[in-house]
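One structure below.
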Amino acid sequence: MTMFFGMMPWGIESEIIYCQQTAMGDVDLHNAADFLGAHESEDGHTLTLRFRTTEEQAPFGIRFENVTDLEIKDKRDYYPGDKSLFYAFHSLGDGLFEFEAAIMEGKLKATGVVFDVAS
């Protein structure tokens, strides 16, 4: 079972563009945030996707903890104006998640998902 911290848990087998009930309120990742990229910890057990709100420019991150089976692919054929576009997370159950942005896509397993306002 995946634990969620700092936000309402995501539904299983669902596409997610919102993080709800965070310290920043409800955050729309697709329409009201810019995707800044991904950072993997040195030990490979943590993956943080970094964002900032479009209007206030407030930084935040979605951090996956106890990560296994990480696969990330860079996309080379994106339109340059879409560089900061984030499409969605997909929660597939059993701690398996996928994500897609204009510049990359990924798949991973994690036991924790954290909404981090200090990112």
Side-chain angles (χ1 to χ4, degrees):
M1 179 175 179
T2 303
M3 300 296 294
F4 285 79
F5 303 94
M7 67 178 160
M8 188 170 88
W10 295 334
I12 296 175
E13 297 183 7
S14 62
E15 179 177 275
I16 297 102
I17 63 168
Y18 285 98
C19 290
Q20 296 177 310
Q21 298 177 4
T22 76
M24 299 171 76
D26 293 346
V27 179
D28 181 340
L29 300 171
H30 179 72
N31 297 302
D34 293 327
F35 179 62
L36 304 177
H39 174 75
E40 184 179 357
S41 64
E42 285 186 29
D43 64 9
H45 294 151
T46 304
L47 178 72
T48 302
L49 301 184
R50 294 187 174 140
F51 298 86
R52 74 172 168 242
T53 57
T54 307
E55 218 169 282
E56 299 87 7
Q57 299 292 297
F60 66 95
I62 308 293
R63 187 174 69 244
F64 293 90
E65 297 182 332
N66 300 312
V67 171
T68 59
D69 303 326
L70 177 61
E71 299 173 24
I72 294 179
K73 290 191 283 188
D74 289 330
K75 294 180 178 179
R76 307 241 183 260
D77 59 348
Y78 64 88
Y79 176 71
D82 290 344
K83 184 176 182 176
S84 64
L85 187 59
F86 187 81
Y87 297 119
F89 286 108
H90 302 275
S91 178
L92 305 174
D94 294 327
L96 183 61
F97 300 94
E98 294 178 342
F99 66 89
E100 185 177 6
I103 61 170
M104 67 174 52
E105 61 189 10
K107 187 176 192 175
L108 60 109
K109 286 191 92 165
T111 62
V113 182
V114 179
F115 187 92
D116 184 7
V117 261
S119 223

Original post:
In terms of side-chain geometry, is the basic nitrogen of K73 or E105 positioned less than 4.0 Å from the acidic oxygen of its partner?
Top reply: yes
**OP:** Mind jotting down which residue pairs meet the salt bridge (charged side-chain N to carboxylate O under 4.0 Å, His left out) criterion with at least one end in residues 18-36? Sequence neighbours excluded, please.
**Re:** D34-R52
Heavy-atom closest pair, residues [X] and [Y]:
{"X": "G6", "Y": "F115", "answer": "O-CB, 3.6 Å"}
{"X": "T46", "Y": "R63", "answer": "CG2-CG, 3.4 Å"}
{"X": "G61", "Y": "T48", "answer": "CA-CG2, 4.4 Å"}
{"X": "Y78", "Y": "A102", "answer": "CB-O, 3.3 Å"}
{"X": "T2", "Y": "G95", "answer": "OG1-CA, 3.1 Å"}
{"X": "C19", "Y": "I62", "answer": "SG-CD1, 3.5 Å"}

Which distance, rounded to the nearest 0.5 Å, do you find between the [atom1] of [X] and the [atom2] of [Y]?
{"X": "M1", "Y": "D94", "atom1": "CE", "atom2": "CG", "answer": "12.0 Å"}
{"X": "Q21", "Y": "M8", "atom1": "CD", "atom2": "CE", "answer": "5.5 Å"}
{"X": "E15", "Y": "W10", "atom1": "CD", "atom2": "CH2", "answer": "12.0 Å"}

For [X], look at atom [atom1] and say whether over 12 heavy atoms of other residues, nucleotides or ligands are found less than 6.0 Å away.
{"X": "Q57", "atom1": "CD", "value": "yes"}
{"X": "N31", "atom1": "CG", "value": "yes"}
{"X": "M3", "atom1": "CE", "value": "no"}

Subject >> K75: partners by salt bridge (Lys or Arg N to Asp or Glu O under 4.0 Å), with sequence neighbours left out >> reply: E100
Subject >> Non-neighbouring partners of E40 that pass salt bridge (Lys or Arg N to Asp or Glu O under 4.0 Å), sequence neighbours left out >> reply: none
Original post:
Is the closest side-chain heavy-atom distance between F99 and L108 below 4.5 Å?
Top reply: yes
Original post:
Tell me, do I72 and L47 make a side-chain contact under 4.5 Å, heavy atoms counted?
Top reply: yes
**OP:** Take L29 and F60 through the test side-chain contact (heavy atoms from CB on, under 4.5 Å) and record every step on the way to the result.
**Re:** CA-CA 11 Å; L29 300 171; F60 66 95; 3.6 Å; yes
Original post:
Are the side chain of S14 and the backbone of G11 linked by a donor-acceptor contact shorter than 3.5 Å?
Top reply: yes
**OP:** Examine distances only and state if a side-chain atom of T22 and a backbone atom of M24 form a donor-acceptor pair shorter than 3.5 Å.
**Re:** yes
**OP:** Test ring-ring contact (aromatic ring centres under 6.0 Å, His included) on F89 and F64 and set out the steps.
**Re:** CA-CA 12 Å; F89 286 108; F64 293 90; 5.7 Å; yes
Going by side-chain heavy atoms closer than 4.5 Å, which hydrophobic residues are tied to [X], directly or by a chain of links?
{"X": "L92", "value": "L96"}
{"X": "L85", "value": "Y87"}
{"X": "I17", "value": "Y18"}

**OP:** I would like to know whether M104 and F35 meet side-chain contact (heavy atoms from CB on, under 4.5 Å); could you show each step before the answer?
**Re:** CA-CA 10 Å; M104 67 174 52; F35 179 62; 4.0 Å; yes
Subject >> Shared hydrophobic cluster, L36 / V27 (ILVMFWY, side-chain heavy atoms < 4.5 Å) >> reply: no
**OP:** Say whether V114 and V117 are linked into one hydrophobic cluster, either directly or through other cluster members, by side-chain heavy-atom distances under 4.5 angstrom.
**Re:** no
**OP:** Evaluate the ring planes of F86 and F51, with Trp represented by its six-membered ring, and classify them as parallel (under 30°), tilted (30 to 60°) or perpendicular (over 60°).
**Re:** perpendicular
